[in-house]
Amino acid sequence: MRLTILGGGGFRVPLVYRALLADRGEGRIDRVVLHDVDPARLAAIRRVLAEQADGVADAPAVSTTNDLDEALAGADFVFSAIRVGGLAGRAADERVALAEGVLGQETVGAGGIAYGLRTVPVAVDIARRVARLAPDAWVVNFTNPAGLVTEAMSRVLGDRVIGICDSPVGLGRRVARVLGADPARAWIDYAGLNHLGWLRGLRVGGRDLLPALLADEAALGSFEEGRLFGAEWLRSLGAIPNEYLHYYYANRETVRAYREAERTRGAYLRDQQAGFYAAAARPEVRALDAWRRTLAEREATYMAANREAAGDAGGRAPEDLEPGGYERVALDLMRAVARDERATLILNVRNRSALPGLDADAVVEVACLVDANGAHPVAVAPLPYHALGLVAAVKAVEREVLAAAESGSREAAVKAFALHPLVDSVAVARRLLDAYRAEHPGLAYLG
């Protein structure tokens, strides 16, 4: 089985390869093709993977290419983890938004819209190439904004593109741990959009354990989302929100923390990863060790500004430092499809009729049953109005981004910014679009 990774020079690729090294049995991935537009990054990650594979019998063979069509031809699975504009683009997205006093996170608010506007055209081109060169391949999308990009690609590939994210996995794992439950044996009732969902129940043996957690003040303060949102707010919601909802529930405080920070998250990662790639290019440096150190620093500083805004100055707990697990989701998904090893996973897929209030083609993030025929969303109870309102508003924004990317319409792009709950100003929306077009040559297509 051949896996092609687009964005193969990306920092998190070794997580995927580590999962592949641990996989055994028939139908496993035995060949990995890395594609990237940056030869230096590609060479650095190949060094890391070679060191990971050292001493591992039957490690998947790794090859690299800068030719997209060559990478796609003959692939069984295509893992898309591209970053259009790189981390410098993310840093610019954050800076432009904060200058207007609004959030510029890479998937949320103005930053997410800007990132989507320059990523969707590239993702659609990739989808068309997959349809032509590898029509039987399954595309696993991790490219952010994951839900939006998956929906764009699904207009070409249908159900053969499936979006993944590590946030719901990490949330479910943390809640299960606090409750003393095995995440693998629990049914997690989770619903929403990518980076905009709520864990509404965790059932073991037919019994929902979440009410007991919500009633326990100490338990709520013992894990990351509990400290981020506070016990009182979680009890008011009757659910545990995805960590990214902190940008909505504490928007003013978070914007203030981001503006007062020495560097935005994107700028921090840009500088940190530049250091890693420079080190990994030196022959005397063990690239795998440099990668592990950089990963540990990255995880320790995740959402630091949000924790500061929430008054949680103690840093991340050791049990929360494990990477979210998107590589496990990707591996479980590929195994379920390739081997018909049925699995239940929280994924980004076309809604059909799973989540009431959204149309059939809207990509949503819900629990899915996965088998050789793909991912099948499980019907969920309707969201409460406050949640449905946010979901509907953000889905409307995503649809305007897709319309702008397809038509080049400036009007649609302005509408996307203006309709977002965290922008809520037509005048600011126009200024944002003009500023982003000045920063990113790739947005020149927008009138």
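- For Glu100 (side chain) and Val428 (main-chain N/O), no donor-acceptor pair under 3.5 Å exists by modelled atom type.
- With hydrogens and angles disregarded, a donor-acceptor distance shorter than 3.5 Å links the side chain of Asp359 to the backbone of Ala362.
- Tested against Gln105, the residues Arg90, Glu94, Arg265 include a single side chain to side chain contact (heavy atoms under 4.5 Å, CB included) partner, Arg90.
- If you look at Tyr190 and Trp198, their ring centroids are not closer than 6.0 Å.
- No side-chain donor-acceptor contact under 3.5 Å links His440 to the backbone of Gly442.
- Of the possible polar contacts, one joining the Arg2 side chain to the Ala73 backbone as a donor-acceptor pair under 3.5 Å is found.
- In terms of heavy atoms, Val363 sits closest to Ser154 at CG2-OG, 4.4 Å.
- In this structure a side-chain-to-backbone donor-acceptor pair under 3.5 Å is present from Thr143 to Ile82.
- Closest of all the heavy-atom pairs between Val397 and Ala416 is CG1-O, 3.5 Å.
- Rounded to the nearest 0.5 Å, atoms CD1 (Ile240) and CD1 (Ile188) are 12.0 Å apart.
- Glu106 has its side chain out of reach of Asp93: every pair of non-hydrogen atoms, C-beta onward, lies at least 4.5 Å apart.
- Remark: side-chain polar atoms of Tyr268 are not paired, donor with acceptor, to backbone N or O of Thr301 under 3.5 angstrom.
- Counting only N and O atoms by type, the side chains of His35 and Thr65 include no donor and acceptor under 3.5 Å apart.
- The aromatic rings of Tyr248 and His420 sit parallel to each other, their planes meeting at less than 30°, with 60° as the upper class boundary.
- Atom CG of Leu193 is separated from atom CG of Asn348 by 8.5 Å, given to the nearest 0.5 angstrom.
- We find the CG-CG distance between Leu202 and Asp208 to be 7.5 Å, quoted to the nearest 0.5 Å.
- The aromatic rings of Phe11 and Phe276 sit perpendicular, their planes meeting at an angle over 60°, well past the 30° parallel limit.
- Of all heavy-atom pairs spanning Arg18 and Glu327, the tightest one is NH2-OE2, 3.9 Å.
- Using cut-offs of 30° and 60° on the angle between ring planes, the pair Phe79 and Phe142 is parallel.
- Counting only N and O atoms by type, the side chains of Asn144 and Thr107 include no donor and acceptor under 3.5 Å apart.
- In this structure, a donor-acceptor pair under 3.5 Å is present between the side chains of Tyr258 and Tyr247.
- Every salt bridge (charged side-chain N to carboxylate O under 4.0 Å, His left out) that Asp159 has, sequence neighbours left out, goes to Arg350, Arg352.
- Counted within 6.0 Å of CD on Glu297, heavy atoms from surrounding residues, nucleotides or ligands total more than 12; the atom is thus considered enclosed.
- Gln52 contributes a side-chain N or O that, together with a main-chain N or O of Pro14, makes up a donor-acceptor pair within less than 3.5 Å.
- Closest heavy-atom contact between Leu171 and Pro241: CD2-O, 4.0 Å.
- Side-chain N or O atoms of Arg160 include one that pairs as donor or acceptor with a backbone N or O of Ala137 at under 3.5 Å.
- Other residues, nucleotides and ligands place no more than 12 heavy atoms under 6.0 Å from the NZ atom of Lys415.
- Here the side chain of Arg46 pairs no donor or acceptor atom with the backbone of Gly8 at under 3.5 angstrom.
- Nearest approach of Ala181 to Leu209, heavy atoms of both residues: CB-CD1, 4.3 Å.
- Checking side-chain atoms of Asp36 against main-chain N and O of Gly9 turns up a donor-acceptor pair under 3.5 Å.
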